[in-house]
Novice: 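The structure under discussion is supplied below as structure tokens; questions concerning it will follow.
Remember, predicted model here, so these are calculated numbers, not experimental data. Here is how names work: the chains are called A, B, and so on, in the same order as the sequence lines, proteins then strands, and each is numbered from 1.
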Amino acid sequence: MIQEQVGRTIRRILGTNEVTFNIPPKREFGDFSTAVCLAQARVQKRPPLEIAQELAQELLKSKLPFIREVTVTPPGYVNFKIDHPKYVRSVIERVRRLGPQYGRTNVGRGRKVLVEHTNVNPNKAMHIGHLRNAVIGDSIVRILDRLGYTVEAANYIDDTGVQVADVVVGMLYLDEPRYNGKSEDMSDIWAKYDGKQPFDYWCWDLYARVSQEYETNEPLKAKRAEVLHLIEKRDNPVAKFAKELATRIVKAHLATVGRLNVYYDLLNWESDIYERGFWNAAFELLKQRGVIEFETEGPNAGCWVVRFGRGLVHTDEGIRSEDKILVRSNGTVTYTGKDIAYQMWKFGVLGRDFLYKLWGVQPNGKELWTTAPDGIESDRFGRADKVINVIDVRQSYTQQVVYDCLRRIGFVKEARNSIHLDYEVVVLSSAAAAELGAEVEDEGSGIQAMSGRKGLGVKGDDLINTMVNRVRDNVRSPESAEVLAAAAIRYFMSRISTGKMIVFDFDEALRTTGDTGVYCQYAHARACSILRKAGITQFGKVQVPENVTLPEQNLVKKIAEFPSVMRKAGRELSPTPLARYAFELATTFTDYYERPNPEASEQVPFIKIEDPVLRTYRLALVDTFRQCMANCLDALGIAPLEEI
RNA sequence: GCGCCUGUAGCUCAGUGGAUCAGAGCAUCUGACUUCGGAUCAGAGGGUCGGGGGUUCGAGUCCCUCCAGGCGCGCCA
């Protein structure tokens, strides 16, 4: 906040729009500095040193509240020294006044953002790749919320796709007793699930079995098309069965991500997109605006297409058209087509809406709603100013097609406000894949994609369970183990930039030392423990000594950074800066804890300090840290532990 | 063929609109526990920031090019 204040003043004086700060190489120069005059030199065509000296003069005149001294060093840096006692007091007071609100701003006030994430096919257990999606998505929801946006978290459920159909085929036709094709009563089918393992785990294996069986069993594969067709037709026993199956899997998914504090506002079912005729509405609009054309010749004859690229192109697999097919020659609509309609709904420009029903209340106390054929009308969902779709990078092309179609229809603003938050996938190392019993096909690359069809992957719950087991022995309560495990996994998924592929490694993912969520939790719990033992809950007027030690200065400066880190995370749509910050904050606190006064021959524990003024001051800093860390962890979806 | 992403220490990764940025953790080695929580801390070794070129007073960061790896470009979903 102090740098922002200085930055504003410099912008006013120099008339520039960007001022950045950095830390000088030697402490004597100052607490922070700026090289803005070096950049200005070119613009003003004057020596940078001259500009810097004038700027320093002006800055001294404007009486910046927490600046004690402004100096200039060649070739033109302007350095600032902070009035530490004054500054420390203001930071302590600010954090205490704002409490859990510290780090929140209202830059997004009045703007609604719809963030859609998770979007896992409801036919099997989630794996760690799905976890990455959920963690990134939920973090973005939390970050944007703290920046003042109105945020709606949506989870799209594709309950009508082939993946669900495959598991339905498996349940109905793979083993005895087989479905007779018309009975309403499915109880003997449901009885195939023995309950020995979670339902989503059971389906994981079933899905892999069906997929393998397809390769040799043509009659079974024929059942897939039949089941798919019945699901799309709705209003028949198989469709009802599929919906029930998907619902049970969705419940399992919500339980899995719930362990990581991931929550939603709305579940959007693909079957309701059908039900409510979204595509028809979009199709009419596409035709009206001439975006879509009926092809009468060439490779796409009989299809409705949108013109893209340069027509015919060469690919590794031969020559094909770059035009995008939205309606196949058999009259069915493609996934991209449906997605265009759905994306329009998100902005409230489709002219049609879902019906809604309350799904339940989540552990965080917030209601979860779902779209439903027998729901009620409501105008509270969708209608967003900005839409963020959290989908892995492999969908980049399709997403761009969807957004471009919106633009062509005339929804230019909506297209511009459509953001594909693309992140890289989680893959297995060849070693990890082999450990899971996979036949590693490609020896050369050293990595192996997870595959639901092959049943190859690390299940999300398995990872969480393993982590819980690992920390269990060192915690004071079983609840702490669950929270600590969630912290470790969320942190692990958050600290790596979204653009980087995660080659999953158990040891790295389960590490509890060093740069981990466990370390951050530990620092927080330690602060809580100190305050508990000190017996202080309320701080009155805190007196700050004239000599603020270096560790104290560093801690205060770090705490003061928090709001700008939050803004950066929002700007970059990434939890990575916050994860990084949480760790830096923790190490800075540990420095302060270990050696609050490096000049002293002996370090006195805070709670044993005899001077009541110094004791209160040191403990107030501990409390300020505690609050900041709690807020940071909370933004990362990690519940801060007061005791481990 | 075209497009996107990635390449920083042995390993996993940070690195803000160019500067004072060669960083952290893990691993290795040496130290520190009757003290506020040792899942910690202090210290050491370890780098041509994939190669080359360019712009600039200054490039891990921007531009070009090459190399390596990954992904995408379906009448699949």
Novice: With rounding to whole Å, what would you report as the distance between B:A27 and B:G52 at their P atoms?
Specialist: 33 Å
Novice: Describe the nucleic acid contact of A:Gln395 in one word from base, sugar-phosphate, nothing, applying a heavy-atom distance below 4.0 Å.
Specialist: base
Novice: Counting only Watson-Crick or G-U wobble pairs whose two distances fall under 3.5 Å, which nucleotide matches B:C4?
Specialist: B:G70
Novice: Checking contacts here: which listed nucleotide (B:C75, B:G37, B:A19) is nearest the side-chain heavy atoms of A:Ala525?
Specialist: B:G37
Novice: Given the C1' atoms of B:A19 and B:A9, what is the spacing between them in whole Å?
Specialist: 24 Å
Novice: Output the rounded distance in Å from CZ (A:Arg626) to P (B:C36).
Specialist: 21 Å
Novice: Who does B:C21 pair with, Watson-Crick or G-U, both distances under 3.5 Å?
Specialist: none
Novice: For B:U35, which nucleotide is its Watson-Crick or G-U wobble mate, given both distances must be under 3.5 Å?
Specialist: none
Novice: Across the strands shown, which category fits A:Gln163 at heavy-atom distances under 4.0 angstrom: base, sugar-phosphate, nothing?
Specialist: nothing
Novice: Using a cut-off of 4.0 Å on non-hydrogen atoms, how would the nucleic acid contact of A:Thr513 be classed: base, sugar-phosphate, or nothing?
Specialist: sugar-phosphate
Novice: Does A:Asp31 come within less than 4.0 Å of A:Lys81, counting only side-chain N to carboxylate O?
Specialist: no
Novice: Would you say B:G37 has OP1 or OP2 under 4.0 Å from some side-chain N or O of A:Ser529?
Specialist: yes
Novice: When we call it a touch if two heavy atoms are under 4.0 Å apart, what does A:Tyr335 touch: a base, just sugar-phosphate, or nothing?
Specialist: base
Novice: Can you tell which of B:G37, B:C76, B:C41 lies closest to the side chain of A:Arg328?
Specialist: B:C76
Novice: Please answer whether the main-chain N or O of A:Leu621 pairs with a side-chain N or O of A:Arg626 as donor and acceptor at a distance below 3.5 Å.
Specialist: no
Novice: In whole Å, I'd like the distance from the CD atom of A:Glu602 to the C1' atom of B:U35.
Specialist: 9 Å
Novice: Tell which nucleotide pairs with B:C26, taking only Watson-Crick or G-U wobble pairs whose two distances are both under 3.5 angstrom.
Specialist: B:G10
Novice: Touch check for A:Leu484, heavy atoms < 4.0 angstrom, all strands: base, sugar-phosphate only, or nothing?
Specialist: base
Novice: What's A:Asn121 touching, base or sugar-phosphate or nothing? Going by heavy atoms closer than 4.0 Å.
Specialist: nothing
Novice: For A:Asp158, which contact category applies under a 4.0 Å heavy-atom criterion: base, sugar-phosphate, or nothing?
Specialist: sugar-phosphate
Novice: Mind checking the P distance from B:U16 to B:U35? Whole angstroms is fine.
Specialist: 42 Å
Novice: When you compare B:G17 with B:U61, how far apart are their C1' atoms, in angstrom units rounded to a whole number?
Specialist: 10 Å
Novice: Is it the case that atom CD in A:Glu508 sees more than 12 heavy atoms from other parts of the structure closer than 6.0 Å?
Specialist: yes
Novice: Base, sugar-phosphate, or nothing for A:Thr590, non-hydrogen atoms under 4.0 angstrom?
Specialist: sugar-phosphate
Novice: What interatomic distance, in whole Å, is found between C1' of B:C13 and the corresponding atom of B:C49?
Specialist: 13 Å
Novice: Is A:Phe583 touching bases, backbone alone, or none of the nucleic acid, heavy atoms closer than 4.0 Å?
Specialist: sugar-phosphate
Novice: Check the distance between B:A42's P and A:Gln603's CD and give it to me in whole angstrom.
Specialist: 12 Å
Novice: Give me the distance, rounded to whole Å, that separates B:A77 from B:G15 when you measure between the P atoms they each carry.
Specialist: 38 Å
Novice: Write down the distance between CD1 (A:Ile391) and P (B:G72), rounded to a whole number of angstrom.
Specialist: 15 Å
Novice: Taking only Lys NZ, Arg NE, NH1 and NH2, and the carboxylate oxygens of Asp or Glu, determine whether A:Lys338 and A:Glu270 approach each other closer than 4.0 Å.
Specialist: yes
Novice: Nearest heavy atom decides the nucleotide; on that basis, is A:Ala35 or A:Thr587 closer to the 5' end of RNA chain B?
Specialist: A:Ala35
Novice: Can you work out whether A:Asp591 or A:Ala301 has the more 5'-proximal nearest nucleotide on RNA chain B?
Specialist: A:Asp591
Novice: Roughly, in whole Å, what's the span from CG in A:Leu531 to P in B:G37?
Specialist: 11 Å
Novice: I need the A:Ile607 CD1 to A:Arg532 CZ distance, nearest 0.5 Å.
Specialist: 11.5 Å
Novice: According to the interplanar angle, ranging from 0 to 90°, do the rings of A:Phe589 and A:Phe625 count as parallel (below 30°), tilted (30 to 60°) or perpendicular (above 60°)?
Specialist: parallel
Novice: A:Phe589 CZ to B:C41 P: how many Å, rounded?
Specialist: 12 Å
Novice: Is there a side-chain polar atom (N or O) of A:Lys608 under 4.0 Å from OP1 or OP2 of B:U35?
Specialist: no
Novice: Contact class for A:Val333 (heavy atom, under 4.0 Å): base, sugar-phosphate, or nothing?
Specialist: nothing
Novice: Rounded off to whole Å, could you give me the CG-to-C1' distance for the A:Asp323 and B:G74 pair?
Specialist: 13 Å
Novice: Please determine whether any donor N or O and acceptor N or O are separated by less than 3.5 Å between the side chain of A:Ser329 and the base of B:C75.
Specialist: yes
Novice: If you look at every strand shown and take non-hydrogen atoms under 4.0 Å, does A:Val471 touch a base, only sugar-phosphate, or nothing?
Specialist: base
Novice: Please give, in whole Å, the distance from B:C76 C1' to A:Tyr214 OH?
Specialist: 14 Å
Novice: Please determine if a side-chain N or O atom of A:Tyr519 lies less than 4.0 Å away from the OP1 or OP2 oxygen of B:C41.
Specialist: yes
Novice: Tell me, do A:Glu552 and A:Tyr592 make a side-chain contact under 4.5 Å, heavy atoms counted?
Specialist: yes
Novice: Please state the C1' separation for the pair B:C67 and B:G51 - nearest whole angstrom.
Specialist: 7 Å
Novice: Is there a donor-acceptor pair closer than 3.5 Å between any side-chain N or O of A:His127 and the backbone N or O of A:Met450?
Specialist: no
Novice: Please determine whether a side-chain nitrogen or oxygen atom of A:Arg526 lies at a distance below 4.0 Å from atom OP1 or OP2 of B:G38.
Specialist: yes
Novice: Could you tell me the separation between the CD1 atom of A:Ile447 and the CG atom of A:Leu428, rounded to the nearest 0.5 Å?
Specialist: 9.5 Å
Novice: Between A:Phe562 and A:Tyr581, what is the ring plane arrangement, given parallel below 30°, perpendicular above 60°, and tilted in between?
Specialist: parallel
Novice: Just checking A:Tyr522: base, sugar-phosphate only, or nothing, at a heavy-atom cut-off of under 4.0 Å?
Specialist: base
Novice: Over 60° means perpendicular and under 30° means parallel, so tell me whether A:Phe80 and A:Phe32 are parallel, tilted or perpendicular.
Specialist: parallel
Novice: Just call it for A:Ala165: base, sugar-phosphate, or nothing, with non-hydrogen atoms closer than 4.0 Å on any strand.
Specialist: nothing
Novice: Using the P atom as the reference point in each nucleotide, state the distance between B:U65 and B:C5 in Å, no decimals.
Specialist: 14 Å
Novice: How does protein contact run along nucleotides 9-14 of chain B, one letter per nucleotide 5' to 3', with B for base contact, S for sugar-phosphate only, - for none, heavy atoms under 4.0 Å?
Specialist: ---BSS
